[in-house]
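Notes for the one structure printed next.
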There are 2 protein chains.
Amino acid sequence: MSGTLYGIGLGPGDPELMTLKAHRLISGADVIAYPVLERGESFARFIAAGVIPEGSEEIAITIPMSVERAPAQAAYDAGASQIATALDAGKNVAVLCEGDPFFYGSFMYLFSRLSDRYECQVVPGVTSVTACAAAAHTPLTARNEVLTIIPGPLDAAEMLDRIKGAQAVAIMKVGRHLNKITQVLSDLGLLEHATYVERASLENQRVIPLADLTDPAPYFSMILVCKGSDPWL
Amino acid sequence: MSGTLYGIGLGPGDPELMTLKAHRLISGADVIAYPVLERGESFARFIAAGVIPEGSEEIAITIPMSVERAPAQAAYDAGASQIATALDAGKNVAVLCEGDPFFYGSFMYLFSRLSDRYECQVVPGVTSVTACAAAAHTPLTARNEVLTIIPGPLDAAEMLDRIKGAQAVAIMKVGRHLNKITQVLSDLGLLEHATYVERASLENQRVIPLADLTDPAPYFSMILVCKGSDPWL
């Protein structure tokens with residue numbers, strides 16, 4: 001009998017923000033798989049490090065850094081094939097995912113390659129969006145407010161258009177897109193409502209008004225624009 | 001010295017989807033507070049029931065069901081005052097929140113009344129949005145896709161407008177708004193892309209194409225519209 005594939009959300013970074021279910025499944029997994037950036041870092045493995053059983057088999061899927069998408073997809077092909085071999089041998093495989101597996105995660109590329117052939121379970125995790133709101137002491141959305149989540153790499157014109165009509169906004173993966181985003185928010189007169197959050201839930205977490213930010217942003221950073229339309233707050 | 005106020009996200013319903021941090025803080029809290037609907041149910045307390053220490057002090061904040069907002073706000077006033085008394089006595093108070101405290105949660109009404117006077121920590125939780133995606137085996141958003149989260153009570157014209165320009169959409173709190181939402185999606189030609197998820201992560205969870213739904217929806221239900229624009233998926 002084949003093993004089960006688990007896509008496991010680990011939350012935003014603080015290992016204590018993983019769920020009890022993630023903890024149980026990782027502790028008991030036969031094989032642990034995770035993506036690794038070309039430079040050799042795996043944020044997902046870092047979050048789960050204290051829970052991975054000693055001596056467990058590990059599958060590190062190295063994702064090449066490239067604007068072209070084909071090389072990364074070839075890496076997922078190879079990773080999926082390694083995982084399939086383990087599943088065929090009756091082993092359960094836990095794929096570690098920072099945040100949530102289906103929220104801007106790479107797990108979906110393994111899921112699309114394996115879920116039609118193997119039993120698969122997806123374990124949701126805390127996303128960086130609510131972790132940033134918690135860190136910033138900023139309620140995201142009350143009652144009938146609409147929340148729009150925007151990836152930082154979006155081009156300026158589309159970003160402006162998306163933010164213009166929105167109520168509460170979270171802009172993810174700020175990194176090298178910081179200047180573009182700041183300009184868009186400034187053009188919309190929203191700079192004073194924007195909060196910048198870096199590495200939410202980690203020890204070196206940082207929260208400041210976007211208007212006060214002077215240094216570059218790392219990849220794991222976010223901008224929240226919450227105008228707080230609820231008169232009762 | 002005053003105690004600390006904790007706003008604790010418990011996740012979507014399965015007690016195993018609470019975080020390790022939520023588990024630790026609830027286990028060690030002096031006082032447990034939570035909202036209760038007028039009829040006497042507290043979904044938050046249900047999720048945390050197995051973790052609440054025996055004999056701990058409990059503050060149940062009864063929220064009147066009313067279209068008027070003032071009665072609920074009066075209930076939060078009274079609840080905040082009870083919590084303040086406990087904090088003044090040096091007790092730590094854990095406020096139980098289904099999902100995430102700052103994502104359509106009632107905790108923000110306690111936070112706005114207490115956080116300027118007391119040490120406050122917000123613990124993010126898994127939201128129903130990613131829990132529904134996990135249950136439905138439906139990736140929410142890849143790469144540069146925008147995710148729009150829409151509350152079901154929004155009126156039809158605004159809802160149509162919000163969904164029209166959107167990529168991935170999650171419509172929360174469907175309940176008695178089911179027919180309106182189905183009509184909006186049908187008008188936009190999106191019915192075939194819509195998945196209905198009820199009570200995600202609970203034992204009686206249910207996932208079906210929205211087009212096949214014939215019976216009424218409970219409050220804890222969601223509709224996901226994910227067109228999957230990523231050609232690599």
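Residue numbers start from 1 in every chain, and the chains themselves are labelled A, B, ... in the order their sequence lines are given, proteins ahead of strands. These figures come from a predicted structure and were not determined experimentally.
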**Item:** Derivation and outcome, ring pair (Phe, Tyr, Trp, His ring centres under 6.0 Å), residues F220(A) and F43(A)
**Value:** CA-CA 10 Å; F220(A) 286 110; F43(A) 186 44; 4.7 Å; yes
| said: Show, in sequence, the C-alpha distance, side-chain angles and deciding distance for E198(A) and R206(A), and conclude whether the salt bridge (Lys or Arg N to Asp or Glu O under 4.0 Å) test is met. | reply: CA-CA 5 Å; E198(A) 188 177 295; R206(A) 191 173 160 219; 3.1 Å; yes
With side-chain contact (heavy atoms from CB on, under 4.5 Å) as the criterion, how do Y76(B) and I63(B) come out once you've worked through the C-alpha distance, each side chain's angles and the decisive distance to 0.1 Å? CA-CA 8 Å; Y76(B) 291 122; I63(B) 310 299; 3.4 Å; yes
(message) Quick one, I223(A) with T195(A), criterion side-chain contact (heavy atoms from CB on, under 4.5 Å). Give me CA distance, side-chain angles, the key distance, then yes/no.
(response) CA-CA 6 Å; I223(A) 292 167; T195(A) 303; over 6 Å; no
Is there a side-chain contact (heavy atoms from CB on, under 4.5 Å) between L96(B) and I32(B) once you walk through the steps? CA-CA 7 Å; L96(B) 308 179; I32(B) 307 285; 3.5 Å; yes
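Of all the listed residues (V123(B), L17(B), T148(B), I150(B)), the one sharing the greatest number of non-hydrogen pairs under 4.5 Å with chain A is L17(B). Comparing H23(B), R24(B), K173(B) by how many heavy-atom pairs each has under 4.5 Å with chain A, the most go to R24(B). Counting heavy-atom pairs closer than 4.5 Å to chain B, the top residue among V146(A), L140(A), V122(A) is V146(A).
The shortest side-chain heavy-atom distance between H177(B) and P153(B) falls under the 4.5 Å cut-off. Looking at heavy atoms from C-beta onward, I149(B) lies in side-chain contact with Y104(B) at the 4.5 angstrom threshold.
Of all heavy-atom pairs spanning M222(A) and A170(A), the tightest one is SD-CB, 4.1 Å. Scanning all heavy atoms of the two residues, the minimum distance from G152(B) to I181(B) falls at CA-CD1, 4.1 Å.
The contact between D100(A) and chain B is made entirely by side chain atoms (from C-beta outward), counting heavy-atom distances below 4.5 Å. Neither the backbone nor the side chain of A72(A) comes within less than 4.5 Å of any heavy atom of chain B. Residue contact with chain A, scored on non-hydrogen atoms closer than 4.5 Å, involves the side chain of F111(B) exclusively. With a 4.5 Å cut-off on non-hydrogen atoms, P12(B) does not touch chain A at all. Neither the backbone nor the side chain of D161(B) has a heavy atom closer than 4.5 Å to any heavy atom of chain A. Contacts of S106(B) with chain A are absent, with no heavy-atom separation under 4.5 Å from either backbone or side chain. Only the backbone of T138(A) comes within contact range of chain B, with at least one heavy atom under 4.5 Å from a heavy atom of that chain.
For residues 124-133 of chain B, a heavy-atom distance under 4.5 Å to chain A picks out P124(B), G125(B), V126(B), T127(B), T130(B), A131(B), A133(B), given by residue number.
Side-chain N or O atoms of K180(A) include one that pairs as donor or acceptor with a backbone N or O of L154(A) at under 3.5 Å. Distance alone, capped at 3.5 Å, places no donor-acceptor pair between the T141(B) side chain and the F103(A) backbone.
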